[in-house]
Amino acid sequence: MAKEKPSIPKGTRDFGPQEVAKRKYILNTIEKVFIKYGFMPIETPSMENLSTLTGKYGDEGDKLLFKVLNSGDYLKEITPEILTASNQQLTTKLISEKGLRYDLTVPFARYVVMNRNEIAFPFKRYQMQPVWRADRPQKGRYREFWQCDADVVGSDSLLNELDLIQIYAEVFKGLGVQVEIKINNRKILAGIAEVVKGAEHLQTIAVAIDKLDKIGEEGVSKELSALDFSDIEISSLFEIITTKGEDKEMLQSLKSKLQSSTEGLKGIEELEFVLNSLQQINKSVSLKIDFSLARGLSYYTGCIFEVAALEGTLKSSIGGGGRYDNLTGIFGLDGVSGVGISFGLDRIYDVLEELKLFPDDTQGSHTKVLFCYFDEASQAYALQGVTALRNVGIASQIYPDVVKKIGKQLDFANKLNIPFAAVAGTDEIAQQKFMLKDLNESKQELLSIEEMIERLKN
RNA sequence: GUGGUUUUAGCUCAGUUGGUUAGAGCGCCUGAUUGUGGUUCAGGAGGUCGUGGGUUCGAGCCCCAUAUUCCACCCCA
């Protein structure tokens with residue numbers, strides 16, 4: 001028989017008990033805040049129809065979709081003529097009609113449209129589930145990772161943006177991570193595009209200036225001139241986006257520069273509202289205006305957010321979101337605007353791990369007592385003990401196999417970080433007691449079950 | 001999708017210009033301790049060197065392919 005070396009697919013990971021405990025700590029922190037702000041949970045399938053997913057994330061996004069091969073005789077429609085290199089897309093279409101979800105926002109939009117009659121709008125939902133992208137793995141990037149999303153649909157109000165920003169602030173405060181929350185507005189970007197070269201160049205400009213942090217002005221202008229932007233257009237672009245100073249001054253000067261664009265002015269107005277309102281209700285949250293923030297996903301239309309950790313080596317964003325006006329429209333439900341944010345669980349985990357910000361009590365085992373014994377008779381006696389403790393809610397377990405060496409059993413308790421061992425032998429049975437051993441203090445006491453419960457309860 | 005990088009014992013890694021039976025630390029098992037762990041001491045087990053080809057008298061080491069790790073670009077949580 002050939003031995004097979006076990007392995008898991010590229011970019012996926014197993015999580016041991018300790019890792020799961022830490023991940024749950026993050027999930028719980030996020031979930032509590034979501035609930036506090038009035039969001040309700042939903043879950044959607046791992047697989048969606050490809051027709052639901054394609055075309056929502058731009059060309060790059062479509063390439064990163066994991067596709068699921070059709071069941072049954074998936075080749076029955078495929079003739080040799082179809083199966084040529086130039087027909088790859090058509091072939092894919094014929095043999096695969098499902099794909100793994102790429103994010104939580106698009107499945108949510110699909111859910112809203114399908115359940116529009118049952119939903120009370122505005123609908124505030126949260127969703128914490130894995131998503132998949134066929135990307136090359138690297139630092140902070142996995143092929144399977146979890147997103148934690150909160151979205152509001154069916155409301156145009158900027159109060160939603162305000163709530164979501166506060167959720168970001170509150171969660172990261174709870175986790176003890178210093179972050180920068182950046183905000184911009186797609187309408188401002190549209191206005192900039194309009195003024196610089198024309199509204200149809202929004203996507204190009206957005207993608208280029210998004211890299212400003214990374215490759216600098218020089219890199220961006222190089223990239224734009226390669227894309228047929230004139231020197232005049234490029235310099236006017238930089239004049240607009242590199243506006244410096246206080247938030248109010250920045251917005252004021254932008255206003256004058258975008259005077260000819262009604263959309264741009266609308267974006268500035270929205271941004272001003274969010275900033276001013278936040279200033280009034282919660283001064284402790286600091287938002288940073290960043291006109292170079294663009295965000296790739298093509299469905300955003302209004303405010304956009306991005307969160308990055310201020311400490312640590314992970315430079316990529318650990319959260320992002322924004323307003324999308326037309327997402328449900330694609331599925332046949334117009335006039336429903338939505339806004340949402342996303343937390344990247346795995347990247348947040350990496351940051352907390354690097355900065356050692358996980359609390360000490362996020363350990364794997366919560367067992368308080370391990371029952372140890374020597375033979376069949378004391379096993380039966382220990383079984384009574386473990387049952388009694390469990391009946392009063394004390395997490396305990398019994399070493400399942402009869403081994404002569406008690407040391408082996410104690411060693412097991414040490415490895416699992418179990419603080420107490422209850423030893424049962426002939427002496428203990430005779431006295432109807434257990435030897436309760438404190439494994440951290442190296443002390444032991446002969447106690448009845450009642451006394452043991454009393455001792456362990458606090 | 002592009003470029004680079006990694007893979008040797010359960011884990012972390014050595015392995016000289018290609019040359020006999022491939023090493024260390026930690027962990028594991030056994031004993032000192034026939035009812036008591038975390039320390040110490042003594043002994044022991046464990047590897048078809050990621051996989052498949054090739055060059056060579058001879059390959060852990062050179063060549064090709066493939067998988068995988070990590071990293072950068074693209075893009076993104």
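Please read all numbers here as calculations on a predicted model, not as lab measurements. Only this structure's heavy atoms are used, side chains among them; waters, hydrogens and symmetry mates stay out.
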Contact state string [nucleotides 65-70 of chain B, B base, S sugar-phosphate only, - no protein heavy atom under 4.0 Å]: ---SS-

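- By the side chain to side chain contact (heavy atoms under 4.5 Å, CB included) test, A/Gln147 is found to be paired with A/Asp103, A/Leu104, A/Val131, A/Arg133, A/Phe145, A/Asp149, A/Ser342, residues two or more places apart in sequence or in another chain being considered.
- Across all strands shown, A/Val131 has no heavy atoms under 4.0 Å from either base or sugar-phosphate atoms.
- Applying the ring pair (Phe, Tyr, Trp, His ring centres under 6.0 Å) rule to pairs touching residues 165-191 of chain A yields A/Tyr168-A/Phe343, A/Phe172-A/Phe343, sequence neighbours excluded.
- Remark: A/Ser230 engages A/Ile232, A/Glu233 in a side chain to side chain contact (heavy atoms under 4.5 Å, CB included) (not counting sequence neighbours).
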Restricting to nitrogen or oxygen on both sides, can you table the protein-nucleotides 5-7 of chain B pairs closer than 3.5 Å?
none

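- Applying the salt bridge (charged side-chain N to carboxylate O under 4.0 Å, His left out) test to pairs two or more places apart or on separate chains, none has a residue in residues 418-435 of chain A.
- Applying the side chain to side chain contact (heavy atoms under 4.5 Å, CB included) rule to A/Ser235 yields no partners; only residues at least two apart in sequence or on another chain are considered.
- In this structure, A/Lys443 has no salt bridge (Lys or Arg N to Asp or Glu O under 4.0 Å) partners at least two apart in sequence or on a different chain.
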Starting at the 5' end of RNA chain B, write a dot or bracket for each base, bracketing those in Watson-Crick or G-U wobble pairs whose two distances are under 3.5 Å and using | for partners on another strand. ((((..(..((((.....[...)))).(((((.......))))).....(((((..]....))))))..))))....

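- Not a single salt bridge (Lys or Arg N to Asp or Glu O under 4.0 Å) links A/Glu311 to another residue, sequence neighbours left out.
- For A/Glu144, there are no salt bridge (Lys or Arg N to Asp or Glu O under 4.0 Å) partners, not counting sequence neighbours.
- Looking at residues two or more places apart in sequence or on another chain, you find a side chain to side chain contact (heavy atoms under 4.5 Å, CB included) between A/Ile449 and A/Ala388, A/Phe434, A/Ile453.
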